[in-house]
Number of protein chains: 2
Amino acid sequence: MPKRPTPTKACCQRRAAVFKALGHPARLQIVAALGDGERCVCELVEAVGSGWSTVSRHLTVLKAAGIIADEKRGLQVYYRMALPCVNSFAECLDAAQEGAAVEVRRCCKS
Amino acid sequence: MPKRPTPTKACCQRRAAVFKALGHPARLQIVAALGDGERCVCELVEAVGSGWSTVSRHLTVLKAAGIIADEKRGLQVYYRMALPCVNSFAECLDAAQEGAAVEVRRCCKS
DNA sequence: CTTGTATTTCGCTATTTCGCGAAATAGTCA
DNA sequence: TGACTATTTCGCGAAATAGCGAAATACAAG
């Protein structure tokens with residue numbers, strides 16, 4: 001296994017921006033919903049159960065972090081995952097929290 | 001591939017607690033440092049470059065989220081990763097941010 | 001152009017988080 | 001026991017974040 005250098009402070013800041021954006025239940029619900037494929041805002045509003053303005057702001061945060069991407073098609077805006085590995089990792093967390101043997105578990109290759 | 005059910009709201013809250021704990025540069029520096037093996041608080045204080053009380057609070061946050069674990073040995077408290085996959089994922093994020101082809105990348109196995 | 005639909009932005013208040021220094025604990029060693 | 005070291009807790013003010021409803025924007029359809 002390659003010995004990796006200690007990440008720089010700047011690198012940790014970039015990483016933290018992603019984690020921070022994901023550190024909200026509503027945003028994780030959005031991300032989970034997008035794991036099944038793209039969704040328009042109206043579907044996400046329903047999935048999250050908050051107001052339009054609130055969901056829109058969450059989408060802005062996720063997009064700014066590069067986690068999702070949007071595309072306007074017809075009358076609606078469709079969002080999709082830009083970082084699909086996020087959901088794989090989230091499921092890995094579930095497994096760990098369910099008490100599975102965590103020590104050797106390796107969620108990410110590379 | 002197994003069709004996974006939409007995660008519950010409670011599940012997203014548990015996930016969010018982990019992401020939120022990781023959503024701070026100093027805490028990611030700590031996590032990165034622990035990726036090389038356990039460290040005592042004094043070493044982490046040096047690695048992060050903040051005051052003792054600040055680092056201690058960050059450690060409390062990470063421990064409460066189940067990301068790290070501590071053990072008192074002799075005069076010092078040693079911290080180690082409890083969720084090693086976090087660092088693998090963080091490196092995966094670096095790769096994505098460096099502009100690598102992200103579409104098909106899959107950071108976590110199942 | 002005007003209307004209607006989909007979505008975002010704005011202003012606001014309440015809550016949370018950050019980093020610090022001082023004080024409190026815990027445990028070791030003489 | 002008493003001094004000392006390592007670490008955590010407390011209390012503070014400054015800054016960031018959350019959620020809401022109203023208003024603004026974008027744009028397709030008639």
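By convention in this document, chain letters (A, B, ...) are assigned in the order of the sequence lines, proteins followed by strands, and residues within each chain are numbered from 1.
- Note on ring orientation: taking the six-membered ring where Trp is involved, the planes of B:H24 and B:H58 are tilted (angle from 30° to 60°).
- Considering only side-chain atoms of A:K72, the nucleotide from D:dG19, D:dC27, C:dT7 that sits closest is D:dC27.
- Residue contacts shown for B:K63 are absent, as no nucleic acid heavy atom lies under 4.0 Å away.
- The separation between B:L44 atom CG and D:dA6 atom P is 14 Å, rounded to whole Å.
- Mapping A:K20 and A:S53 onto DNA chain D by nearest heavy atom places A:K20 at the nucleotide closer to the 5' end.
- Here the options are B:V61, B:L22, B:L59, B:I68, the test is side chain to side chain contact (heavy atoms under 4.5 Å, CB included), and the partner is B:R27; only B:V61 passes.
- Residue contacts shown for A:Y78 are absent, as no nucleic acid heavy atom lies under 4.0 Å away.
- You won't find any donor-acceptor pair under 3.5 Å spanning the side chain of A:S50 and the base of D:dG19, going by distance alone.
- Axis deviation across the helix from C:dC1-D:dG30 to C:dA30-D:dT1 amounts to 20°, comparing end segments of five pairs, rounded to 10 degrees.
- Listed here is the closest heavy atom pair of B:A47 and B:Q29: O-NE2, 3.6 Å.
- The nearest whole Å value for the distance from the CG atom in A:L22 to the P atom in D:dA18 is 12 Å.
- Inter-residue side-chain proximity for B:V41 and B:Q76 is flagged as unmet; no heavy-atom pair is nearer than 4.5 Å.
- Judged by distance alone, with hydrogens and angles left aside, the side-chain atoms of A:E91 form no donor-acceptor pair with the main-chain N or O of A:S88 at under 3.5 Å.
- In this structure, the CH2 atom of A:W52 is 12 Å from the P atom of C:dT5, given to the nearest Å.
- Atom-to-atom, NE2 of B:H24 to C1' of D:dA16 comes out at 11 Å; the value is rounded to the nearest Å.
- Counting to the nearest Å, the P atom of C:dT17 and the CG atom of B:L59 are 17 Å from each other.
- Here C:dA6 presents its P atom at 18 Å from CD of A:E71, a figure rounded to the nearest Å.
- Heavy atoms of A:R27 sit under 4.0 angstrom from primed sugar atoms or phosphate atoms, though from no base atom.
- The side chain of A:L75 lies closest to D:dA28 when the candidates are D:dC10, C:dT17, D:dA28.
- Dashed line: the shortest gap from a side-chain N or O of B:S56 to OP1 or OP2 of D:dT7 is not under 4.0 Å.
- The side-chain hydrogen bond (donor to acceptor under 3.5 Å, both in side chains) test applied to A:N87 returns no partner, not counting sequence neighbours.
- A straight line from CD of A:Q76 to C1' of C:dA6 spans 7 Å, rounded to a whole angstrom.
- Under a 4.0 Å N-O distance rule, the pair A:E46/A:R39 does not qualify as a salt bridge.
- B:Y79 pairs by the side-chain hydrogen bond (donor to acceptor under 3.5 Å, both in side chains) definition with nothing, not counting sequence neighbours.
- Listed pair A:H58 / D:dT17 fails the phosphate criterion, with no side-chain N or O lying under 4.0 Å from OP1 or OP2.
- In this structure, CZ of B:R73 is placed 16 Å from C1' of C:dT28, rounded to the nearest angstrom.
- Comparing A:Y79 and A:R57 against DNA chain C, the residue whose closest nucleotide sits nearer the 5' end is A:Y79.
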